[in-house]
Number of protein chains: 2
Amino acid sequence: MKRNTWQREAVRGALDANDGFISAQALHSALHATGSPIGLATVYRALADLAVEGDADSLQSPEGESLYRACSTNLHHHHLICRNCGLTVEIEADAVERWAKDVAGQNGFTQAAHVVDVFGLCATCTAKAA
Amino acid sequence: MKRNTWQREAVRGALDANDGFISAQALHSALHATGSPIGLATVYRALADLAVEGDADSLQSPEGESLYRACSTNLHHHHLICRNCGLTVEIEADAVERWAKDVAGQNGFTQAAHVVDVFGLCATCTAKAA
DNA sequence: GCTCTGTTGATAATGATTGTCAAAACCATT
DNA sequence: AATGGTTTTGACAATCATTATCAACAGAGC
Ligand SMILES: [Zn+2]
Ligand SMILES: [Zn+2]
Ligand SMILES: [Zn+2]
Ligand SMILES: [Zn+2]
């Protein structure tokens with residue numbers, strides 16, 4: 001049976017309090033900053049659990065780190081992410097969903113999944129960089 | 001000045017000889033198997049160079065490994081990849097390109113790049129799995 | 001061939017992530 | 001509220017891919 005621990009709630013809460021995608025290490029640091037004594041391994045485990053349960057989205061940063069985010073919906077969607085400040089916009093794109101399914105089917109592929117992420121500089125960061 | 005070494009040619013050749021995406025470590029093993037004494041660090045460097053020069057495509061596997069492939073074109077395109085045998089199909093999708101650019105622009109993002117990959121089971125692997 | 005300089009490769013170092021396992025915490029039951 | 005079986009935790013070690021070091025080496029031009 002799965003148990004409820006304050007650690008899991010703490011991770012869930014910290015994820016909710018964070019706007020963009022965040023790494024396990026960064027989330028652990030954030031928790032420590034608030035005085036939480038939670039262990040790093042526990043943060044990794046909690047995030048992995050949240051991801052499989054669908055309560056968190058995860059993606060690989062271009063540098064290969066696993067990042068997590070508590071999105072507003074657990075429905076399938078994608079993200080537009082600022083590579084400077086982490087600002088994240090959730091985007092739906094039925095056209096892309098259809099395209100992914102079609103291209104897989106047309107090539108005889110089954111059990112198709114897809115990775116679709118857009119990275120850029122948000123308006124604020126664009127202005128600052130000017 | 002950039003120099004021509006047999007090591008870079010060996011990496012380029014090994015990439016060409018490989019069908020799907022492959023990791024630096026696996027490519028190093030493949031080269032060793034043919035008797036090449038090339039060093040692992042050199043394979044990493046050569047692949048990184050090929051990627052920036054546009055002679056190789058790279059992507060992050062769902063597990064976070066960097067994979068490389070010598071594609072038939074150096075024009076921008078995407079991939080449909082069998083997660084079992086590695087069979088890779090190059091796909092172009094102007095609609096997706098446009099969508100990515102539009103969604104970034106509509107949200108005030110600049111310097112937009114995107115990651116679009118489709119993973120599935122190819123027809124052969126689907127048949128075997130049945 | 002000689003020198004200058006970019007490249008190589010054995011190895012150490014790094015950094016994220018996972019494994020270990022005894023101690024602590026849950027929770028249904030008494 | 002105390003008990004007991006089971007799950008979870010966390011400090012730490014271990015792993016794994018990748019990068020940094022740096023002395024030895026090998027292109028390219030003279
Ligand atoms: Zn930003
Ligand atoms: Zn989708
Ligand atoms: Zn296959
Ligand atoms: Zn594209």
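In what follows, chains are A, B, ... by sequence order, proteins preceding strands, each numbered from 1.
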- [ ] Decide yes or no, distance alone: a donor-acceptor N/O pair under 3.5 angstrom between the base of dG19(C) and the side-chain of Arg45(A).
- [x] no
- [ ] Give Arg8(A) one of three labels, base, sugar-phosphate or nothing, depending on what nucleic acid heavy atoms sit under 4.0 Å from its own.
- [x] sugar-phosphate
- [ ] Step through the shown structure and confirm whether more than 12 heavy atoms of other residues, nucleotides or ligands are within 6.0 Å of CD on Glu90(A).
- [x] yes
Open item on the list: Does dG9(C) have its OP1 or OP2 closer than 4.0 Å to a side-chain nitrogen or oxygen of Thr42(B)?
Closed with: yes
Task: Between C1' of dC16(D) and CG of Leu67(B), the distance in whole Å - done: 15 Å
- [ ] Measure from CD on Gln25(A) to C1' on dG15(C) and round the result to the nearest Å.
- [x] 8 Å
TODO: Grab the NE2-P distance between His28(A) and dT18(C) for me, whole Å please.
DONE: 15 Å
- [ ] Quickly work out the Lys2(B) NZ to dA26(D) C1' distance and round it to whole Å.
- [x] 18 Å
Task: Position toward the 5' end of DNA chain D (nearest nucleotide), Gly64(B) or Leu40(A) - done: Leu40(A)
Task: Integer-rounded Å distance: dA17(D) P and Gln60(A) CD - done: 14 Å
- [ ] Take the protein atom CG of Leu31(B) and the nucleotide atom C1' of dG9(C), then report the distance between them rounded to whole Å.
- [x] 14 Å
Task: Asp19(A) CG: over 12 foreign heavy atoms closer than 6.0 Å - done: no
Open item on the list: As a test of reading the structure: which of dG19(C), dT18(D), dC26(C) is closest to the side chain of Ala41(A), going by heavy atoms?
Closed with: dG19(C)
Task: Any Gln7(A) side-chain nitrogen or oxygen under 4.0 Å from OP1 or OP2 of dG10(D) - done: yes
TODO: Flag yes if Leu15(B) and Ile38(B) sit in one hydrophobic cluster, no otherwise; membership is Ile, Leu, Val, Met, Phe, Trp, Tyr, and two members link when side-chain heavy atoms are under 4.5 Å apart.
DONE: yes
- [ ] Quickly work out the Leu47(A) CG to dT8(D) P distance and round it to whole Å.
- [x] 16 Å
- [ ] Considering just the side-chain nitrogens and oxygens of Tyr44(A), establish if one lies under 4.0 Å of OP1 or OP2 belonging to dT17(C).
- [x] yes
Open item on the list: Expressed as a whole number of angstroms, how long is the span from Glu9(B):CD to dG27(D):P?
Closed with: 12 Å
Open item on the list: Which heavy atom of Val116(A) sits nearest to which heavy atom of His78(A), and what is that distance?
Closed with: O-ND1, 3.0 Å
TODO: Go through dT18(D), dT17(C), dG10(D) for me and flag the one nearest to the Trp6(A) side chain.
DONE: dG10(D)
Task: Sugar-phosphate, base or nothing in reach of Ser66(B), heavy atoms under 4.0 Å - done: sugar-phosphate
Open item on the list: With a 4.0 Å cutoff (strictly under), does any side-chain N or O of Thr5(A) reach OP1 or OP2 of dT9(D)?
Closed with: yes
Open item on the list: Closest approach to the side chain of Asn4(A), judged atom by atom: which nucleotide of dT18(D), dC27(C), dT20(C) is it?
Closed with: dC27(C)
Task: Nearest heavy-atom neighbours spanning Phe109(B) and Val89(A) - done: CE1-CG2, 4.2 Å
Open item on the list: Let's test your reading of the model: under 3.5 Å, does the base of dT8(D) pair with the side chain of Arg3(A) as donor and acceptor?
Closed with: no
